[in-house]
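Below, chains carry the letters A, B, ... as their sequence lines are ordered, and counting in each starts from 1.
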2 protein chains.
Amino acid sequence: MARYLEIAAELRAAIISGEYPIGSVLPSEGDLVARYGVARGTVRQAVAQLEQDGVVATRQGARRVVLGSAPTQSFHEMQSFSMWAVSQGHVPSARVLKCEPGKATEQEAAMLRVPPGEPLVRLERVRLLDGRPTMVERTLYAGVVAELLLAMDLTSGSITEQLTAQGHVYAHAEHSIDAMAAGVLDAELLGVRRGNPLLRLRRLTTSPTGVPLEWSDDRYRQDAVTITVRNSMSVNTLMRLSPALA
Amino acid sequence: MARYLEIAAELRAAIISGEYPIGSVLPSEGDLVARYGVARGTVRQAVAQLEQDGVVATRQGARRVVLGSAPTQSFHEMQSFSMWAVSQGHVPSARVLKCEPGKATEQEAAMLRVPPGEPLVRLERVRLLDGRPTMVERTLYAGVVAELLLAMDLTSGSITEQLTAQGHVYAHAEHSIDAMAAGVLDAELLGVRRGNPLLRLRRLTTSPTGVPLEWSDDRYRQDAVTITVRNSMSVNTLMRLSPALA
DNA sequence: CAGTGGTCTAGACCACCTT
DNA sequence: AGGTGGTCTAGACCACTGA
């Protein structure tokens, strides 16, 4: 592991342990240089990590202030229902409604940002948390990922996990979040009344090189999840859009 | 402006202009060093900006790939309904339902992360977009910000803007997003039916030093907004929580 | 194997904050 | 005025990618 990541981890641990309580200040860069025996650049890389995660606040000329300990977030937990469920102490499962190869329609092609007619796989599942219907998932898989999918066990495990094991890495995702009313079909699948609120999360995921891998439309029962986002002046990935543009 | 920001801006402009189309590769760090006549560290600071915004993807050993042009996002647009509305070409306004000073109840203190009994201001407004009710906003303002608020014009402008003008800077925010059904009151205020879906966005905003400034509960008509979030393996501020923990 | 990005060093000057 | 973070330079070595 890189030295700056080790230092960042040590500082995180010190914050969690209470050595640097919320509201207190971190040692100066000079102090940390002396303590860890590294160059200033390395210390700055370490604290930049903490700043990016919203753990500390930085102002030129003043010591860094501790905002809170790092959230237990992870890109992969956000990406995968299974991993998230497990991390929350729940047992995830799935009921497959549809899994079929096909060719991209005009609309699907636009969402996946591929040419119309491209081969893809359409997957629809009801996702369960401890046996209770929680989310309806409609996913389109593109390219290589699509082919691998047809050989997988879709009811139990995490597709993401199986894809990662085979070297297909998800690197970027763009999520659109809104509220909607349950239609007849969704209501029945989730065991709620028609018209009840659902939280909809649509997502385009791409590889490290920007190649679209999947597009997903996930609809959660109103009481099933809350999404949280942190942003700050320096790190900001959050937008509010009019539906017309979304 | 710092040199690395100038370089980042130039690269952004070049991407938008089509000089570096989506999917193409950026010049190597060495090329950029030569072109701009700066040290490699400066070039790396510039491209790190682009990476953080999801504009380019980086892999060790390979040229950087262009993912897309920068979104027109801004921290302040996310923070302020007014600024966002204007940027979307709409006319924002507000109807003040309540604006009164008070002392923090047990529950309010916990949300704002201040001691119970702290002075605060409670503000409730219906926010309108081009005259149409769009969102119900319930905000608690703490400390210094609270005092300033009572002297402001609350119907027209942006509170955030007025506060910024007086040197009170919002620096960090944590948002919780979920779906809910409209109650009798919210339904009437927004002109929708009781039970209709609303998108709820709760937010704690703090100063650069981590001091809580405001807590807000915003409820949008189901068709009024979509929230979008970008995340990646390297930059991730997104979490999915069980409601019990939220 | 050459090119490229990832990490690290050592030192410099400046802008801003605190006292 | 002294301390602190922000920026920048110049050079080094390593790990990974791709032809």
Could you give the side-chain donor-acceptor pairs of residues 117-124 of chain B under 3.5 Å, partners two or more places apart or in another chain?
unit_1	atom_1	unit_2	atom_2	d
B:Arg122	NE	B:Glu108	OE2	2.8
B:Arg122	NH2	B:Lys103	O	2.9
B:Arg122	NH2	B:Glu108	OE1	3.1

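- Separating the CZ atom of B:Arg64 from the P atom of D:dT17 is a distance of 14 Å, rounded to the nearest angstrom.
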| task | Test B:Glu29 against B:Arg44 for salt bridge (charged side-chain N to carboxylate O under 4.0 Å, His left out), laying out the working first. | result | CA-CA 7 Å; B:Glu29 294 179 1; B:Arg44 284 180 62 79; 2.8 Å; yes
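- Contact check for A:Leu201 versus A:Ile227: side-chain heavy atoms found under the 4.5 Å cut-off.
- When heavy atoms are screened at a 4.0 angstrom cut-off, B:Arg3 is found touching the sugar-phosphate backbone but no base atom.
- Rounded to whole angstrom, the span from the CG atom of B:Asp31 across to the P atom of C:dT4 amounts to 6 Å.
- With rounding to whole Å, B:Tyr36 atom OH is found 14 Å from D:dC8 atom P.
- Residues A:Ser82 and A:Arg127 have side chains that bring a donor and an acceptor to within less than 3.5 angstrom of each other.
- Distance from the side chain of B:Thr58 is smallest to C:dG6 among C:dG6, D:dT4, D:dG6.
- Remark: P of D:dC14 and CG of A:Leu5 are 19 Å apart, rounded to the nearest angstrom.
- The distance from atom CG of A:Leu50 to atom P of D:dG5 is 13 Å, rounded to the nearest whole Å.
- Not counting sequence neighbours, the partners of A:Tyr36 by the side chain to side chain donor-acceptor pair (under 3.5 Å) test are A:Glu10.
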| said: So if I define the base as every atom that isn't primed, P, OP1 or OP2, how would nucleotides 10-19 of chain C read as a B/S/- string at a heavy-atom cutoff under 4.0 Å? | reply: --B--BBSS-
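- At whole-Å resolution of the value, CD1 in B:Ile7 and P in D:dC8 are 8 Å apart.
- Look at CD on A:Glu29: it is 15 Å from C1' on C:dT9, rounded to the nearest Å.
- In terms of phosphate contacts, B:Thr42 brings no side-chain nitrogen or oxygen within less than 4.0 Å of OP1 or OP2 of D:dT7.
- A salt bridge between B:Arg203 and B:Asp218 is present, with a side-chain N of the basic residue lying under 4.0 Å from a carboxylate O of the acidic one.
- For the OP1/OP2 pair of D:dG3 and a distance below 4.0 Å, the side-chain nitrogens and oxygens of A:Arg63 include no atom meeting the criterion.
- At a cut-off of 3.5 Å, with distance as the only test, a side-chain donor of A:Arg64 or A:Thr58 sits close to an acceptor on the other residue.
- Dashed line: the shortest gap from a side-chain N or O of A:Tyr4 to OP1 or OP2 of C:dC8 is not under 4.0 Å.
- Atoms CG (B:Leu32) and C1' (C:dG3) sit 14 Å apart, rounded to a whole Å.
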